[in-house]
Amino acid sequence: MKTPFLKLFLVMISWVSAVCLSPLAVMAQGKTVAAWQAVDTTWMADLPVIELTYTEALLNHDTFIPGQVVYHSTDSTRKFRCTIRRRGGTSLDYDKPNYALKFFDEDGNSLDVSFLGMRKDNNWILDGMAPDHSKMRNRVSMDVWLDFSHSPYHQEEKSKVVNGYRGKYVEAYANGQYMGLYCLMERVDRKQLKLKKFVTEEDGTSHHRGLLYKVINGNQTRTPYFYWNQNVPNEESSYYDGVQCEYPDVHDGEPWTWEPLRKNIYYLAGYVGTAFYNYVGKYFDLPVFCDFMLLLDLLYAYDNVGKNYYCWFYDQSSSDQRVGITPWDLDVSWGRDVTGVRVNPTTELRNKTNFNTRMSEFYKGYADTLSIRYAGLRDSLWTEQSLCNYFGRYFDLFVRTGAYEREQNRWVNSNCKLRDPDLEQEYIYGWIHDRLIYLDSVYGYIAPDAIRSIPTDKYQTPSPCYDLLGRRLNPSTELPIGLFIQGKRVISHQR
């Protein structure tokens, strides 16, 4: 066991090595590196290179340790002081680490840095994607979400809000050893969501404005909007039934509150009938919540039903008290479970949140709202080809640059998941095809150029119906056998 003096000494040494030495001069720290590799920047036009230097024996999940980052791109080579820790939950079981990085200037002050067109910030994530065979499920899922989801309710006031996280691929080295493909990602925090800052008056009184909660541990008895047992929280704790308070910043001593969250949940659990229908739109950002329900179904993202999302309030001092939702950690998706095992594309996502259950029961037209939204997406961003293209551009990048091969060689004898890229691409494309067929039946979608058969003698629909000569037909009368036009679709009536 290290004595406090020894631990302090090692930290001091790590600062010296991180700040004063080039990463390439640090052969190994804490344990022997298997083989020395010079940094390969051949493909940095497509995949920038990040070098990390830190004392490997001190790297842990709980605390940040001193280190250095060197970032290679076609434009420049930049060096930064940083602190670093290993991040993740179940991903900690894998040999390939994920990293959290914080950047500092020469005086030890927080330093905001921008990479690859993403936001300027001091706090970044390097996601190693060890459980994912394709190394892109999390990234593709968030790309899809950012492209299709409704803007959050305060977007008009805060135009730069990003209801998710952007990310770009890099190759990483740690203490001179190649570590493989990583996704350099933004964090979801108050700054990303443009939530109003906490206010402290001159007399010492404080006012909560923006609030951010992260749901990190869920099951069938807890977590907001999905499963929740209304226990009384300990107001002295920033953790409550699987939920962590992220803002106000508990590390800075700012007081947090659970009351707005509990009030919101109580409404969902306690109101019924017209009381629910009339006021649910005042408590929830319904367009975004409905989009999230569809995202869960598209991805079969069962790991995001009871956890792995953020909920937040933009400004507690305003009249708009709706809660927003932001997905997070979407790597258990697109046909593989948390262990990497295949998932049948026709598997129903059951218990799809208490929000979904209550809306289905008490919100008139909820099923139609989802079906109409799904149909609009299927006609545009969610065509089979469009979804496959999200994956295709990353598969092409990884194969063309040789990154897949380098990744496989680096982790060949580890517990990290990586399948032959051609086989995994074929599997994902097939899974998307079959998943869409299944969801089309769930949401009653028919392609615009498809011919639909009407099984009943009466065509009961409020939409006008025309024969092929353009004559309008009365939907309350019996239709003769033949083809008709309803909206933009061709329908077929048979006895």
Side-chain angles (χ1 to χ4, degrees), residues 145 148-157 161 163 193 195-196 208-215 218 220-231 233 240-243 257-298 301 304-307 309-327 349-377 442-444:
W145 169 257
F148 93 87
S149 62
H150 280 90
S151 299
Y153 63 86
H154 65 302
Q155 180 90 46
E156 186 173 342
E157 182 175 346
V161 59
N163 193 25
L193 297 170
L195 308 181
K196 288 290 188 177
H208 292 103
R209 300 188 72 187
L211 300 171
L212 178 63
Y213 305 94
K214 184 179 182 179
V215 184
Q220 291 189 355
T221 62
R222 61 189 181 214
T223 74
Y225 319 124
F226 297 139
Y227 308 109
W228 184 273
N229 180 11
Q230 280 285 285
N231 298 319
Y240 172 35
D241 272 3
V243 184
T257 177
W258 295 108
E259 185 56 32
L261 185 65
R262 296 188 72 237
K263 179 182 178 181
N264 195 272
I265 302 298
Y266 179 80
Y267 171 83
L268 181 66
Y271 281 64
V272 297
T274 56
F276 182 93
Y277 178 80
N278 290 336
Y279 295 102
V280 67
K282 294 184 178 181
Y283 285 87
F284 295 87
D285 192 351
L286 290 182
V288 180
F289 267 80
C290 289
D291 282 348
F292 188 74
M293 296 301 105
L294 293 174
L295 181 76
L296 294 177
D297 248 350
L298 175 68
N304 297 85
V305 170
K307 61 176 183 176
Y309 66 92
Y310 292 83
C311 49
W312 46 267
F313 298 88
Y314 167 58
D315 185 3
Q316 284 293 292
S317 67
S318 73
S319 59
D320 196 335
Q321 296 295 300
R322 284 180 287 175
V323 69
I325 190 166
T326 306
L349 186 62
R350 298 183 178 181
N351 300 324
K352 195 173 52 181
T353 80
N354 193 40
F355 171 84
N356 188 73
T357 300
R358 302 290 283 182
M359 288 288 287
S360 298
E361 187 173 2
F362 298 118
Y363 193 84
K364 183 180 179 181
Y366 175 62
D368 289 340
T369 298
L370 292 182
S371 293
I372 292 171
R373 176 65 167 150
Y374 178 83
L377 291 169
V442 170
Y443 291 101

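Atom set for the values below is all heavy atoms of this structure, side chains included, hydrogens, waters and symmetry mates excluded. In this chain, numbering begins with 1 at the start of the sequence shown.
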By side chain to side chain contact (heavy atoms under 4.5 Å, CB included), which residues pair with Tyr277, not counting sequence neighbours?
Tyr363, Lys364

Listing request: all salt bridge (Lys or Arg N to Asp or Glu O under 4.0 Å) pairs with a residue in residues 309-319, at least two apart in sequence or in separate chains.
Arg209-Asp315

Can you list everything that forms a salt bridge (charged side-chain N to carboxylate O under 4.0 Å, His left out) with Asp368? Sequence neighbours excluded, please.
none

Taking only residues two or more places apart in sequence or in another chain, which ones pass ring pair (Phe, Tyr, Trp, His ring centres under 6.0 Å) with Tyr271?
Tyr267

Across all chains, not counting sequence neighbours, the side chain to side chain contact (heavy atoms under 4.5 Å, CB included) partners of Thr357 are Asn354

Quick one: sort the Phe292 and Trp145 rings into parallel, tilted or perpendicular, breaks at 30° and 60°.
perpendicular

Can you tell me how the ring of Phe276 sits relative to the ring of Phe362, calling it parallel under 30°, perpendicular over 60° and tilted otherwise?
tilted

Those residues at least two apart in sequence (or on a different chain) that pass ring pair (Phe, Tyr, Trp, His ring centres under 6.0 Å) with His208 are Phe198

Arg373: which residues meet the salt bridge (charged side-chain N to carboxylate O under 4.0 Å, His left out) condition with it, sequence neighbours left out?
Asp291

Residues in ring pair (Phe, Tyr, Trp, His ring centres under 6.0 Å) with Tyr279, at least two apart?
none

Sequence neighbours excluded, which residues qualify as side chain to side chain donor-acceptor pair (under 3.5 Å) partners of Glu157?
Tyr314

State which residues pass side chain to side chain donor-acceptor pair (under 3.5 Å) with Ser149; sequence neighbours excluded, sorted by chain then number.
none

Ser360: side chain to side chain contact (heavy atoms under 4.5 Å, CB included) partners, not counting sequence neighbours
Asn356, Tyr366

Side chain to side chain contact (heavy atoms under 4.5 Å, CB included) filter on Thr274, not counting sequence neighbours, yields Asn278

